[in-house]
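Working notes, structure below.
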Number of protein chains: 2
Amino acid sequence: MVDKPPAGEKKPQRLGVREIAKRVGVAPMTVSRALSNPDMVSPETRAKVLEAIEQAGFVPNRLASSMRGNGRMIGTVVPPLINSGIAEQVQGMSDECHESGYSMLLVQGEFTQEAEESSIRNLLGWRPVGMILQSFVQSETARALLKSSGAPVVEISEIKGRKPIDMVVGVSNFETAYAMTMHLAAKGYKRIGFVSTPIHGNDRLRQRRTGYHAALTELGIKNHADMEVEVPITAQGGAEALVTLTSRHKDIDAIFFSSDTLAVGAVQECHRRRWAVPGRIAIAGYGDMDLAAQLYPPLTTVKVNRYEMGRRAVRQLLARLGGDTKVPTITSLGFEIVDRESA
Amino acid sequence: MVDKPPAGEKKPQRLGVREIAKRVGVAPMTVSRALSNPDMVSPETRAKVLEAIEQAGFVPNRLASSMRGNGRMIGTVVPPLINSGIAEQVQGMSDECHESGYSMLLVQGEFTQEAEESSIRNLLGWRPVGMILQSFVQSETARALLKSSGAPVVEISEIKGRKPIDMVVGVSNFETAYAMTMHLAAKGYKRIGFVSTPIHGNDRLRQRRTGYHAALTELGIKNHADMEVEVPITAQGGAEALVTLTSRHKDIDAIFFSSDTLAVGAVQECHRRRWAVPGRIAIAGYGDMDLAAQLYPPLTTVKVNRYEMGRRAVRQLLARLGGDTKVPTITSLGFEIVDRESA
DNA sequence: TTGACAAATTATAATATTATAATCTTAATA
DNA sequence: TATTAAGATTATAATATTATAATTTGTCAA
């Protein structure tokens with residue numbers, strides 16, 4: 001009761017179109033239009049409104065717009081940003097969103113099925129106009145929620161295999177890995193190992209391994225499970241994998257790492273052991289990270305344009321939202337085998 | 001008119017507390033409470049409500065909650081995620097947000113003052129309950145907007161110098177750089193160069209340079225501007241900086257890089273030139289990235305816990321939002337000089 | 001001077017949730 | 001049996017915006 005203002009005093013109106021309208025002497029709707037449909041307002045009125053807005057430091061409430069169905073928010077769930085190429089992808093998404101006036105709601109983490117589900121649920125609570133997800137969504141409940149939300153969904157993922165919820169943007173991880181394995185074979189390597197970060201639940205990695213297997217089969221090389229290792233996505237992981245594989249197989253002459261981070265770590269281990277790369281062992285990576293070209297020796301790797309993938313994903317969503325009915329369901333970005341000196 | 005449903009037919013009610021309430025035969029308010037104040041609802045009612053929610057696949061609309069003042073969204077503006085330690089910070093923020101049921105609205109990019117201002121304006125449109133910004137906000141307009149928004153603000157930045165808008169979390173970049181420079185001097189290096197990514201507009205980098213200068217002065221070394229270079233934050237940048245400095249000064253014996261990414265690039269250049277590190281030249285970095293310890297030779301660097309910084313920033317915000325009035329205005333996280341073999 | 005038409009503006013209602021105040025139940029006490 | 005209190009539930013109003021329909025204003029021609 002102490003705080004209650006005296007009867008006559010008008011309470012300090014919160015800053016909204018209503019208040020701006022009052023100050024200019026016009027209806028709230030006119031203020032709204034001055035901002036979003038300038039053509040429907042006379043130039044003079046518009047000028048007065050914009051000035052009042054500027055003057056008051058008014059920032060339109062996007063929550064309310066969103067509730068009325070003018071939302072401009074995209075939700076996204078991504079794996080950990082460190083050491084993977086995800087950071088570049090997020091940058092691509094963010095840039096594209098920003099340029100189109102959209103905002104990006106981000107959840108990041110290492111997800112079990114339940115965690116993934118709860119993250120998606122959280123995001124959907126904000127009623128985003130579109131969702132971008134990494135990898136295929138595992139949880140059936142989550143898939144159902146996404147579908148019934150009505151928002152278009154882009155999965156940035158392996159482009160072949162399981163049926164997408166809606167749209168997919170990505171590369172054929174199978175083909176990239178197949179191509180690299182063939183490339184190594186063509187360069188004369190006979191015993192090629194494969195190192196990956198944990199594959200469980202990750203389509204992309206699984207497809208890479210499958211591509212590696214397919215190439216070996218085609219080459220008439222019997223593929224030994226003990227030519228493969230899974231390690232955490234760190235430089236140390238790469239170094240350890242190198243040690244494991246080379247001590248298992250004295251004659252191994254090349255290792256294909258499913259991530260540049262691992263390959264770089266392995267190269268360091270070779271330096272420590274005074275092993276020539278590729279003389280003693282050839283090393284190939286995946287991703288073409290910034291360091292790859294500068295590494296000593298320069299890293300042979302698979303180049304995938306992650307930044308562009310991020311941008312494309314957003315562009316697909318926006319196209320769909322813009323009413324474009326013939327947005328492709330599957331968008332495959334190309335890849336490139338970058339042949340450098342490490343293999 | 002074709003679409004209009006026949007008169008008697010009830011239009012398909014959108015899924016909201018209202019609809020759930022109708023199905024359970026209870027008031028909307030009760031549904032709301034079943035979710036957010038379970039204690040105020042009888043166990044039986046609550047069970048029925050939760051079942052109906054589950055059954056219908058209802059996801060509460062956070063926009064509407066937010067409008068009523070129950071928002072749980074934090075806005076953040078960060079520099080590019082690639083090659084800097086920012087990804088770890090974002091991971092920290094995301095984890096902490098997620099654990100507390102908050103969502104993170106992220107804008108990422110390389111910002112001029114105007115772009116920074118527009119990004120902040122965009123975020124504020126969503127009425128976040130708190131904001132986390134990198135570095136001190138430059139634009140006066142943006143600072144005003146932030147202040148008048150009433151949301152608590154954490155700047156993750158240099159902890160000394162300019163007056164923060166609200167709270168700061170960070171380290172003293174001055175001290176870290178001072179300490180590293182002194183460390184190098186103590187190890188016997190006489191001519192120490194400094195390489196940084198573009199300093200303009202970045203407090204943290206400026207403070208690092210200042211710390212480097214202060215140390216030189218204290219050591220009685222006259223500091224030459226041509227012992228410093230600015231390069232882009234890439235491995236190549238680091239390599240180029242090494243070339244530039246060593247050709248300018250034949251007697252330079254150590255280089256302190258303001259980022260591990262640069263230092264790693266420089267080490268590769270040394271390998272190409274068959275220069276011993278630290279025999280021919282010592283290399284020190286900043287950040288202690290994953291690769292630093294695995295690098296050949298292992299990288300001497302400044303370790304700052306960026307992940308923890310991100311978590312702390314969010315925790316400070318939440319504490320303040322939780323009504324804690326004695327949240328510290330300035331939080332300094334410690335640092336560590338990690339002495340390895342490269343210097 | 002009236003009518004027709006377009007342009008500009010205003011009024012209304014709808015979006016989904018929840019704090020608050022009001023009401024209804026039930027049980028315990030006098 | 002009436003009274004009181006606590007617990008559970010419901011009714012009301014408020015949050016800010018905008019599509020739509022309705023109204024006002026102005027211009028031109030008949």
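Please read these numbers as outputs of a predicted model, since none were measured by experiment. Below, chain A is the first sequence line, B the second, and so on; all start at residue 1.
With rounding to whole Å, B/Arg72 atom CZ is found 22 Å from C/dA16 atom P. For the pair A/Arg127 CZ and C/dT17 C1', the computed distance is 11 Å after rounding to whole Å. In this structure, CE of A/Met67 is placed 9 Å from C1' of D/dT17, rounded to the nearest angstrom. Remark: C1' of C/dT18 and CG of B/Leu35 are 12 Å apart, rounded to the nearest angstrom. Remark: C1' of C/dT9 and NZ of A/Lys22 are 19 Å apart, rounded to the nearest angstrom. What separates CD of B/Glu19 from C1' of C/dT17 is a distance of 15 Å, to the nearest Å. Atom CG in A/Asn61 sits roughly 18 Å away from atom P in D/dA14 (whole-Å rounding). One atom, CG of A/Asn37, and another, P of C/dT10, lie 16 Å apart when rounded to the nearest Å.
With respect to the salt-bridge test (charged N to carboxylate O, under 4.0 angstrom), the residues B/Arg306 and B/Glu88 do not qualify. Salt-bridge annotation for A/Glu51 and A/Arg23: absent, with no side-chain N of the basic residue lying under 4.0 Å from a carboxylate O of the acidic one. Comment: B/Arg315 engages B/Glu96 in a salt bridge, judged by a side-chain N to carboxylate O separation of less than 4.0 angstrom.
The phosphate of C/dT17 has neither OP1 nor OP2 within less than 4.0 Å of any side-chain N or O from B/Ser66. A close approach under 4.0 Å does occur between a side-chain nitrogen or oxygen of B/Asn70 and OP1 or OP2 of C/dA19.
Below the 3.5 angstrom threshold, one finds a donor paired with an acceptor across the side chain of A/Arg33 and the base of C/dT10. Side chain B/Arg68 to base D/dA14: a donor-acceptor pair is found below 3.5 Å.
No donor-acceptor pair under 3.5 Å is formed between the side chain of A/Ser32 and the backbone N or O of A/Pro28. The backbone N or O of A/Ile132 lies less than 3.5 Å from a partner atom in the side chain of A/Thr76, making a donor-acceptor pair. A donor-acceptor contact shorter than 3.5 Å is absent between the side chain of A/Gln91 and the backbone of B/Gln108. Between the side chain of A/Ser119 and the backbone N or O of A/Ala115, at least one donor-acceptor pair lies under 3.5 Å.
Among the nucleotides D/dA16, C/dT18, D/dT18, the one closest to any side-chain atom of B/Ser32 is C/dT18. You'll find that the side chain of A/Met29 is closest to D/dT18, out of C/dT18, D/dT18, D/dT9. With D/dT17, C/dT10, C/dT18 as the choices, the nucleotide that has an atom nearest any side-chain atom of B/Pro28 turns out to be C/dT18.
Judged by closest nucleotide on DNA chain C, A/Thr30 is the one of A/Thr30 and B/Gly16 placed further toward the 5' end.
Non-hydrogen atoms lying under 4.0 Å from DNA chain D are contributed by A/Phe58, all within residues 39-58 of chain A.
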